[in-house]
Amino acid sequence: MTEEPTPETLESDKPIKQRKNALYLGVSDELAENMQSGWADTELHDLRPIPQAEHTARRRAALSARFPGERLVIPAGNLKTRSNDTEYSFRASSEYAHLTGDQTQDGVLVLEPTGATGHTATLYLLPRSNRANGEFWLDGQGELWVGRRNSLSEGEQLYGLPCADVREVAGALAEASGPVRIVRGHDAGLEAALTDKVTAERDEELKSFLSELRLVKDEFEIAELQKAVDSTVRGFEDVVRVLDKAEATSERYIEGTFFLRARVEGNDIGYGSICAAGPHATTLHWVRNDGPVRPGELLLLDAGVETHTLYTADVTRTMPINGTFSPLQRKIYDAVYAAQEAGIAAVKPGGKYRDFHDAAQRVLVTHLVEWGLVEGPVDRVLELGLQRRWTLHGTGHMLGIDVHDCAVARRETYSDGTLEPGMCLTVEPGLYFQADDLTVPEEYRGIGVRIEDDILVTEDGNRNMSAALPRTPDEIEQWMARLKG
Ligand code: GLY
Ligand code: MN
Ligand code: MN
């Protein structure tokens with residue numbers, strides 16, 4: 001028996017991360033030699049480029065034009081430890097996925113300036129595992145442990161970019177002179193290697209530009225968003241079908257049911273599902289989902305499937321658990337529905353982004369004043385923002401590869417900006433009466449209603465991408481009756 005190999009004894013020039021559980025057994029010379037050979041050549045040739053390759057090339061060209069003469073570094077990010085040697089499942093950074101279509105952990109896109117204008121883009125990836133030095137089966141990220149990767153040549157065919165070994169990227173950047181920018185927050189090691197070359201302000205500009213590059217979606221992205229929404233619709237139907245099982249257990253049954261649809265049809269859920277029954281509906285980010293599901297109460301389900309290309313839906317429906325709204329639940333629901341209708345009507349090209357929020361809030365305030373919950377007139381309430389005790393959040397946000405997409409775009413291009421065809425946003429007004437809110441009649445307490453749809457700005461107005469799910473109370477009751485059987 002030889003001593004257990006360590007990264008240094010693997011004879012790799014640049015050993016990659018060691019997984020603790022890779023080396024609990026000794027390795028004889030005979031075994032080491034045996035593992036080096038007898039493996040088929042599985043190299044793939046004539047691969048077709050990924051469907052979005054033309055779009056990613058156009059996005060990189062826009063990035064290149066915005067930062068001439070500068071080196072630009074866009075990391076995919078690294079695995080994050082959950083505990084000990086167990087990691088969270090990997091999700092590539094949105095900037096990296098948008099510019100490459102790749103989702104490989106540790107990947108890095110580098111745009112190298114070719115002079116005063118133009119760049120050469122290189123995709124740095126972890127190549128196939130080395131079999132000669134044992135990396136393939138002894139390293140924690142070896143392919144024997146985590147599955148086959150694309151070779152660099154396969155990556156070039158798929159992504160339409162020159163590919164290089166990611167273990168060389170830090171060295172290549174360290175040797176480079178001239179201005180550099182990196183998208184921060186994804187790859188601490190690379191950021192540390194570039195500390196002397198970058199500034200926070202300049203890196204923020206890069207991040208902000210990449211956020212703005214996603215404001216208007218191309219046809220590939222719109223089709224992906226529609227796929228995400230369509231899967232989400234099926235996930236909501238799944239939930240209605242099993243409400244009796246949720247009543248017998250907890251909100252977790254709803255979470256698990258939707259998750260199954262997301263994992264079978266997509267990559268994942270796009271954010272933590274909010275499966276809020278009864279008074280939990282008044283907690284905006286109720287993701288514990290461990291409460292009871294009781295007939296007579298409402299279920300607020302806010303969930304979205306993320307596609308394999310990482311585009312997510314973001315949809316909310318509020319439904320009576322027993323299939324029938326009570327008069328008060330219906331009254332509150334009707335107010336939120338009217339607000340959403342007003343909001344959706346305000347989504348059109350050339351309109352201000354804020355219009356849909358203002359339109360929806362005005363309708364909500366009108367109802368709150370009418371119900372005697374706040375003293376009018378409506379304009380006074382709006383000016384003082386008094387409705388926010390019960391409306392709590394903004395009426396929507398951009399949607400795309402992130403649920404809250406384009407979040408670091410500049411105000412003038414987003415919240416103070418103008419809507420354009422190809423933008424996709426949520427319209428999601430709500431009313432929430434906390435269980436301990438003594439300022440509202442007792443019967444209102446513990447009721448929360450939100451209706452959220454995904455709205456695409458079109459040339460002549462908008463299209464509700466999630467219209468396949470019912471929205472009026474009557475339609476919801478009929479839909480539930482049909483699905484519950
Ligand atoms: N699901 C998060 C949101 O609606 O913004
Ligand atoms: Mn939502
Ligand atoms: Mn939303």
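One-based numbering, in listed order, for ligands and for the atoms of each.
- In this structure, E224 pairs ionically with K227, as a charged nitrogen and a carboxylate oxygen lie closer than 4.0 Å.
- When the N, O or S atoms of E452 are ranked by distance to the Mn ion (ligand 3), OE2 comes first.
- Distance from atom 3 (C) of ligand 1 to its nearest protein heavy atom, with residue and atom name: D314 OD2, 3.3 Å.
- Remark: E443 CD is packed, more than 12 non-hydrogen atoms of other residues, nucleotides or ligands lying under 6.0 Å away.
- Heavy-atom contacts of Y271 reach the following atoms of ligand 1: 1 (N) (cutoff under 4.0 Å).
- Panel note: side chain E251, backbone A277; a donor-acceptor pair is recorded below 3.5 Å.
- Per residue E428, closest N, O or S atom to the Mn ion (ligand 3): atom name OE2.
- The shortest side-chain heavy-atom distance between R60 and L109 falls under the 4.5 Å cut-off.
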*Under the ring pair (Phe, Tyr, Trp, His ring centres under 6.0 Å) criterion, do H393 and Y432 qualify, and how do the steps go?*
CA-CA 10 Å; H393 55 80; Y432 311 90; 5.4 Å; yes
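- With hydrogens and angles ignored, the 3.5 Å screen pairs a side-chain donor or acceptor of H357 with a backbone N or O of T395.
- Heavy-atom proximity to H404, at under 4.0 Å, picks out these atoms of ligand 1: 2 (C), 3 (C), 5 (O).
- Geometrically, ligand 1 and H397 share a nitrogen or oxygen pair separated by less than 3.5 Å.
- Distances from the Mn ion (ligand 3) show that D314 has an N/O/S atom below 2.8 Å.
- Note on H404: not counted as a metal contact of the Mn ion (ligand 3), no N/O/S atom lying under 2.8 Å.
- Side-chain contact between L284 and R450 is present, with heavy atoms from C-beta onward closer than 4.5 Å.
- Neither the backbone nor the side chain of V403 comes within contact range of ligand 1; no heavy atom lies under 4.0 Å.
- Annotation: R450 places no N or O atom under 3.5 Å from an N or O atom of ligand 1; distance criterion only.
- Listed by atom number, the atoms of ligand 1 under 4.0 Å from E452 heavy atoms are 4 (O).
- Closest non-hydrogen pair, V440 versus F433, comes out as CG1-CD2, 3.8 Å.
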